[in-house]
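The structure presented is a predicted model; accordingly, all values stated were derived computationally and were not measured. A, B, ... follow the sequence lines: proteins, then strands. Residue 1 opens every chain.
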Amino acid sequence: MTKLLEWLFGVSLVGALWALVTFDLLDLSLPQTYREVAWPMPLYLLVSFGCYSLATVGYRVATFNDCEEAAIELQEQIKEAKEDLRKKGLKM
Amino acid sequence: MASRKTSYPNRDGGDKYSVLLPTYNERENLPLIVWLLVKYFGESGYNYEIIVIDDGSPDGTLEVAEQLQKIYGEDKILLRPRAKKLGLGTAYIHGMKHATGNFIIIMDADLSHHPKFIPEFIEKQKEGDYDLVSGTRYRGNGGVYGWDLRRKLIRFHFLFFPLSPSLINSRGANFLTQVLLRPGASDLTGSFRLYKKKVLESLVERCVSKGYVFQMEMIVRARQLNYTVGEVPISFVDRVYGESKLGGNEIVSFVKGLLTLFATT
Ligand SMILES: Nc1nc2c(ncn2[C@@H]2O[C@H](COP(=O)(O)OP(=O)(O)OP(=O)(O)O)[C@@H](O)[C@H]2O)c(=O)[nH]1
Ligand SMILES: [Mg+2]
C-alpha cells in the first residue's frame, strides 16, 4: 500500500466516523450533545495539527545544535592538511 | 609513514570500504577531504579505497585528483571521471560499478561531511549488522554550523510559505516529509551514509529520482524493502570553499519528488 493510499484510507475512516456521528447515519438516536461536539471536530483537528506543526518546527529550529567546535576543529585541520600536502608535493 | 602505520590497529575482518566522492568544481576541497579520509582510515585501520567521480569540472579538479593519486597511490585513490556534468545520482551509480569494497560510503566532497564520523558509522553498522547507516543532523549531538537564525527561520517558514531556496535541509521540509512519509529515519536529505554494497545496488535499481530527491528516495525505499537503518549523529559544517551547485528550482524538484514518493511508495 502506498503512502497516498494509507493516507486516503485513514482520512476516509475518520471522515466516515465523523459523518456517522454528526448525521446519525445509523439512527442510533445519539444525544444532541454528541452531534454538536462532533460536527466542528475536523476544524479543531486541523487547527490543532497546525499548532502542533508550528510548535514542533519552531522548537526544533530553536534547539538546533550550532556546531561551533566542529567548525573550529575543521579550520585547524584544514591548516594542518594544507601544510602536509604541500610537503608531499601537491601543487594547488 | 610506513613506520607509523605499524602502531595503528590492523583489522583484517575482510571488510573493505569504498568511499564515493562525486566532485564538481571542488579543486580546493578535494585534497583536504582526501587528506582527512586517509588520516581517519589510517588511524582506525579499516581497509578502504576512495573513488573520485569528477564530472569534467572546469576548475581542474581532475588534475588535482591525479596529483593526489600520485601521492597516496593508485590502490587508494581511484579516478572514475566522466566527460560532462551528468548529475549526482548517476555519479553514485557510476562510482559504485567500480567499487571493490563490500561496503560503500557516500559523502559530499565539500567538507560539510567530516570523515571523523566514518569509524562511528562502521562501528554502528557492526553493532546491529545494519543494512545502511545514515548520518543525522537532527538527533543527539548532531547539528549544523553556518546557518544563522535568519536562515533557519526562513527554512522554518517553508511549511507555510514555500518560497525559500535551499529549504531541503531545513527543519520545515524535513518535518513535512516525516509527516507524509513516516520513513523511520530522522535525516532524509542528508547524503552521508554507509551501505552494504548489495543493498545499495538493489536500492539504486529502484530509485527513479534525480539529484537531491535521490537521497530521500533511497531511505524511503529502504524502509519499504524492510532494510534496517542505523543512525549516527553528525555535525554538518556548511561549505567553506566553492559554490553550492543547487539553484532555485530546488524547491520545485523537492516538492515534486516528495509527491512522487508519496504516491508511489
Ligand atoms: N560528479 C558530480 N558531482 C556533483 C554534481 N553536482 C554536485 N556534485 C558534488 O556533490 C556534492 C554535493 O553537492 P553540493 O553542491 O555541495 O550540494 P549541497 O551540499 O546540497 O549544497 P551546499 O549548500 O553548497 O553544500 C559535492 O561534493 C559536489 O561537488 C554533478 O553533477 N556531478
Ligand atoms: Mg554541500
Worksheet item: Where on A:Glu6 is there a heavy atom nearer than 4.5 Å to chain B: the side chain, the backbone, both, or neither?
Response: side chain
Worksheet item: For B:Ser235, is it the side chain, the backbone, both or neither that has a heavy atom under 4.5 Å from a heavy atom of chain A?
Response: both
Worksheet item: How are the rings of B:Phe192 and B:Phe117 set relative to one another: parallel (under 30°), tilted (30 to 60°) or perpendicular (over 60°)?
Response: perpendicular
Fill in: Residue B:Lys116 versus chain A: region with a heavy atom under 4.5 Å
side chain
Fill in: Derivation and outcome, salt bridge (charged side-chain N to carboxylate O under 4.0 Å, His left out), residues B:Lys39 and B:Glu43
CA-CA 6 Å; B:Lys39 172 182 157 77; B:Glu43 285 173 7; 3.3 Å; yes
Discussion item. In the structure I gave you, are the side-chain heavy atoms of B:Pro31 and B:Leu68 within less than 4.5 Å of one another anywhere?
Written reply: yes
Practice prompt. Heavy-atom pairs under 4.5 Å with chain A are the metric here; pick the option from B:Arg223, B:Gln224, B:Arg27 that has the most.
Written response: B:Arg223
Discussion item. Would you say B:Thr136 and B:Ser186 are linked by a side-chain donor-acceptor pair, where the criterion is simply a distance under 3.5 Å?
Written reply: yes
Worksheet, complete the sentence: Bottom line for A:Phe49: the part with an atom under 4.5 Å from chain B's heavy atoms is side chain
Practice prompt. Nearest 0.5 Å please: distance from the CG atom of A:Leu85 over to the CD1 atom of B:Ile71.
Written response: 6.0 Å
Item to complete: Can you tell which part of B:Leu259 gets under 4.5 Å to a heavy atom of chain A, answering side chain, backbone, both or neither?
Response: neither
